[in-house]
Student: 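Following this message is one structure expressed as structure tokens.
Index from 1, following the sequence. One-based numbering, in listed order, for ligands and for the atoms of each.
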Amino acid sequence: METRENILSRRSIRNYLSEPVSKEDLQEILEAGTWAPSALNLQPWYFVAIQSKEELAKMSEIMERVADRLEPSLKARFANAPAVVDETTTFIRNLGGAPVYILAFQLKPDYENNADMINLSIGAALENILLAAHDKGLATCWLTAPVETLIGDELRDMFAPGKGSLVALVTLGYPAKEAKAPRRKEGRFTII
Ligand SMILES: Cc1cc2nc3c(=O)[nH]c(=O)nc-3n(C[C@H](O)[C@H](O)[C@H](O)COP(=O)(O)O)c2cc1C
């Protein structure tokens with residue numbers, strides 16, 4: 001896919017087919033992440049792709065708790081839009097039925113005072129992952145819900161013991177539904 005078309009047509013998808021993702025595709029997608037630029041070339045990321053049925057089931061139990069913890073604040077924030085609360089919590093609970101979850105961690109528990117540049121570097125790697133997946137006809141959604149609910153350390157200890165904090169979770173799979181592109185705001189850049 002041409003680069004511009006890939007960037008503009010990628011969408012966050014919240015409903016997936018159960019069709020598995022091949023090992024080769026998964027490998028190439030994760031490898032694309034590792035080719036991102038990183039501050040001081042630290043390559044401060046560690047990815048865990050979960051696709052075994054047993055581990056996905058463990059994740060489901062955890063995401064159930066994430067949804068329960070987030071629901072009260074979502075209800076308060078979207079008091080006039082119960083459908084948004086319902087849609088958001090349902091997605092957190094079932095992760096859209098995605099056959100693969102990618103957990104993104106910092107590689108080390110401590111990068112001293114470099115938190116921003118570490119997070120930016122991992123963000124760059126995640127965008128590579130999203131675009132590489134889209135290029136293969138696969139869909140993704142980048143989530144921070146499990147990070148916000150402080151359940152990241154539990155996930156780290158289960159899936160990446162000894163590594164640093166959880167930065168994001170990405171769902172991956174073949175899309176079951178198209179998504180409409182959310183409007184982009186005007187005036188977010190200038191050319192001088
Ligand atoms: C850092 C980050 C955190 C996000 N967290 C969530 C999330 O917790 N739940 C969710 O459904 N989408 C999440 N998203 C996806 C955004 O909602 C989505 O990217 C945005 O609405 C624009 O839509 P698009 O990706 O289809 O262009 C997140 C995206 C980013 C970059």
Student: If we only count heavy atoms from C-beta on, is the Arg65 to Glu154 side-chain gap below 4.5 Å?
Tutor: yes
Student: With a 4.0 Å heavy-atom cut-off, what residues sit around ligand 1?
Tutor: Arg10, Arg11, Ser12, Arg14, Phe91, Cys141, Trp142, Leu143, Thr144, Ala145, Pro182, Arg184
Student: When you measure from the centre of the six-membered ring of Tyr46, is the NZ or CZ of Lys163 under 6.0 Å away and within 45° of the axis?
Tutor: yes
Student: Return the minimal non-hydrogen interatomic distance between Val48 and Phe159, and the atom names on each side.
Tutor: CG2-O, 3.7 Å
Student: Taking all non-hydrogen atoms of both residues, which atom of Ile13 and which atom of Cys141 are closest, and how far apart?
Tutor: O-CB, 3.3 Å
Student: Quick one: CG on Leu166 to CZ on Arg156, what's the gap to the nearest 0.5 Å?
Tutor: 9.0 Å
Student: For the residue pair Leu143 and Phe91, establish whether any side-chain heavy-atom pair is separated by less than 4.5 Å.
Tutor: yes
